[in-house]
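In this chain, numbering begins with 1 at the start of the sequence shown. Just so you know, these numbers use all the heavy atoms, side chains as well, and skip hydrogens, waters and symmetry mates.
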Amino acid sequence: MIYRNIGKSDLRVSAVGLGTWAMGNDFWGPVDDNRSVETIQASIDRGINLIDTAPPYGNGHAERLIGRAIKGRREGLVIADKVGTRRVGRGYEVDLRPETIRSQAEESLRNLGIDTIDLYQIHWPDPKIHLAHSLEALVRLREEGKVRCLGVCNFPMQLLDQARAAADVVSSQPQYSLLERSIEAKQVRYCLD
């Protein structure tokens with residue numbers, strides 16, 4: 001397995017990560033929980049140390065499965081979690097108020113059965129809340145040792161500068177796949193720079 005640091009952080013991650021959205025067992029159809037746990041453990045056994053999740057993936061279900069799968073195996077893993085979204089029916093609601101960030105972090109830590117989230121990412125921008133207020137709440141969690149590094153997801157480029165000015169943001173996770181490659185035009189270069 002190839003390992004790289006995320007940005008200038010001390011987070012050393014496998015080039016291949018494991019995403020757990022489908023393991024939430026609600027959005028993509030029924031999933032066998034035991035097979036999900038086996039998948040997480042088999043991934044770890046093969047050198048994958050980056051596990052990515054979020055609270056709305058089954059309203060915490062994916063987080064609890066990860067907690068079950070990594071019990072006694074936490075060392076060397078990088079748990080990337082997200083904050084600021086929750087399930088509302090079949091959709092999602094964005095909420096980056098500082099009190100929401102605090103409560104979601106505490107719940108995610110309980111669900112995962114860990115003391116520290118390695119990479120804590122704003123899931124989606126919240127136009128109702130000034131970004132600096134949300135990042136201040138995240139910085140406090142980092143100062144308390146509940147979070148190691150901060151990142152953002154689904155941020156347009158104009159918000160990346162604001163995020164970086166307000167906090168030490170080490171990662172940006174946009175949509176990127178063989179079918180969606182628009183970030184190659186500018187965002188990849190921005191991140192490399």
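For the atom pair Ile129 CD1 and Ser134 OG, the distance stands at 6.0 Å (nearest 0.5 Å). In this structure, Tyr120 OH and Gln104 CD are separated by 5.5 Å, a value rounded to the nearest 0.5 Å. The distance from atom NZ of Lys186 to atom CG of Asp193, rounded to the nearest 0.5 Å, is 13.5 Å. The SG atom of Cys191 sits 8.0 Å away from the CE atom of Met157 when rounded to the nearest 0.5 Å. With rounding to the nearest 0.5 angstrom, the CD atom of Gln187 is 11.0 Å from the CG atom of Leu192. For the atom pair His133 NE2 and Ile101 CD1, the distance stands at 11.0 Å (nearest 0.5 Å).
Using a 3.5 Å distance cut-off with no hydrogens or angles, the side chains of Glu180 and Ser182 do pair a donor with an acceptor.
With hydrogens and angles disregarded, no donor-acceptor distance shorter than 3.5 Å links the side chain of Glu93 to the backbone of Arg86. No side-chain donor-acceptor contact under 3.5 Å links Thr100 to the backbone of Leu96. Formation of a donor-acceptor pair under 3.5 Å by the Lys71 side chain with backbone atoms of Gly113 is not found in this model. A donor-acceptor pair is defined here as one N or O able to donate and one able to accept, closer than 3.5 Å; such a pair exists between the side chain of Ser14 and the backbone of Val16.
Asp33 has no carboxylate O lying under 4.0 Å from a charged side-chain N of Arg68, or vice versa, which leaves the two without a salt bridge. Residues Arg102 and Glu106 are paired through a salt bridge, judged by an N-O separation under 4.0 Å between the basic side chain and the carboxylate. With respect to Arg73 and Asp45, a salt bridge is recorded, a charged nitrogen being found less than 4.0 Å from a carboxylate O.
The cluster map of Ile, Leu, Val, Met, Phe, Trp and Tyr, joined by side-chain heavy atoms under 4.5 Å apart, puts Leu150 and Ile51 in the same cluster. Tracing side-chain contacts under 4.5 Å through hydrophobic residues (I, L, V, M, F, W, Y), one never reaches Ile40 starting from Val78; they form parts of separate clusters. Leu138 and Ile117 end up in the same hydrophobic cluster when Ile, Leu, Val, Met, Phe, Trp and Tyr side chains are linked at under 4.5 Å. Follow the hydrophobic side-chain contacts under 4.5 Å out from Leu112 and you reach Val37 in the same cluster. Under the 4.5 Å side-chain heavy-atom criterion for Ile, Leu, Val, Met, Phe, Trp and Tyr, Val169 and Val13 are members of distinct hydrophobic clusters.
Annotation: side chain of Glu136 is not in contact with side chain of Pro98 (no heavy-atom distance under 4.5 Å). Looking only at side-chain heavy atoms (C-beta outward), Asn5 and Arg12 come within less than 4.5 Å of each other. By the 4.5 Å heavy-atom criterion applied to side chains, Leu50 and Leu11 are not counted as neighbours. Residues Lys146 and Leu109 are in side-chain contact: their nearest non-hydrogen atoms beyond the backbone lie under 4.5 Å apart. Using a 4.5 Å heavy-atom cutoff, the side chains of Leu77 and Ile114 are not in contact. Using a 4.5 Å heavy-atom cutoff, the side chains of Arg148 and Asp10 are in contact. The side-chain heavy atoms of Val152 and Ser171, taken from C-beta on, include no pair separated by under 4.5 Å.
Applying the 6.0 Å contact sphere to CD of Gln158 captures more than 12 heavy atoms from other residues, nucleotides or ligands. For Arg4, the CZ atom counts as loosely surrounded, since its 6.0 Å shell holds 12 or fewer non-hydrogen atoms of other residues, nucleotides or ligands. Atom NZ of Lys8 sits in a sparse spot, with 12 or fewer heavy atoms from other residues, nucleotides or ligands closer than 6.0 Å.
The shortest non-hydrogen separation linking Ala15 to Met1 is N-SD, 4.2 Å. Minimum interatomic distance between Leu160 and Ser172 (heavy atoms only, all atoms of both residues): CD2-OG, 3.7 Å. Residues Ala22 and Val31 share a closest heavy-atom pair of O-CG2, 3.2 Å. Across all their heavy atoms, Tyr92 and Pro56 have their closest contact at CE2-CB, 3.6 Å. The heavy-atom pair separating Ala163 from Phe155 by the smallest distance is CB-CE2, 4.3 Å. Closest heavy-atom contact between Cys149 and Val170: CB-CG2, 3.8 Å.
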Decide yes or no on side-chain contact (heavy atoms from CB on, under 4.5 Å) for Leu65 and Thr53, but give the supporting numbers first.
CA-CA 10 Å; Leu65 284 176; Thr53 195; over 6 Å; no
Quick one: do Asp115 and Arg74 satisfy salt bridge (Lys or Arg N to Asp or Glu O under 4.0 Å)? Show the steps, please.
CA-CA 10 Å; Asp115 297 323; Arg74 173 71 167 110; over 6 Å; no
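The aromatic rings of His123 and Tyr57 sit perpendicular to each other, their planes meeting at more than 60°, with 30° as the lower class boundary.
Contacts classified as salt bridge (charged side-chain N to carboxylate O under 4.0 Å, His left out) and involving residues 162-171 (residues at least two apart or in different chains) are given here: Asp161-Arg164. Among residue pairs with one or both ends in residues 50-64, those qualifying as salt bridge (charged side-chain N to carboxylate O under 4.0 Å, His left out) are Asp52-Lys82; sequence neighbours excluded.
Residues satisfying the salt bridge (Lys or Arg N to Asp or Glu O under 4.0 Å) criterion with Glu38, sequence neighbours excluded, are absent altogether.
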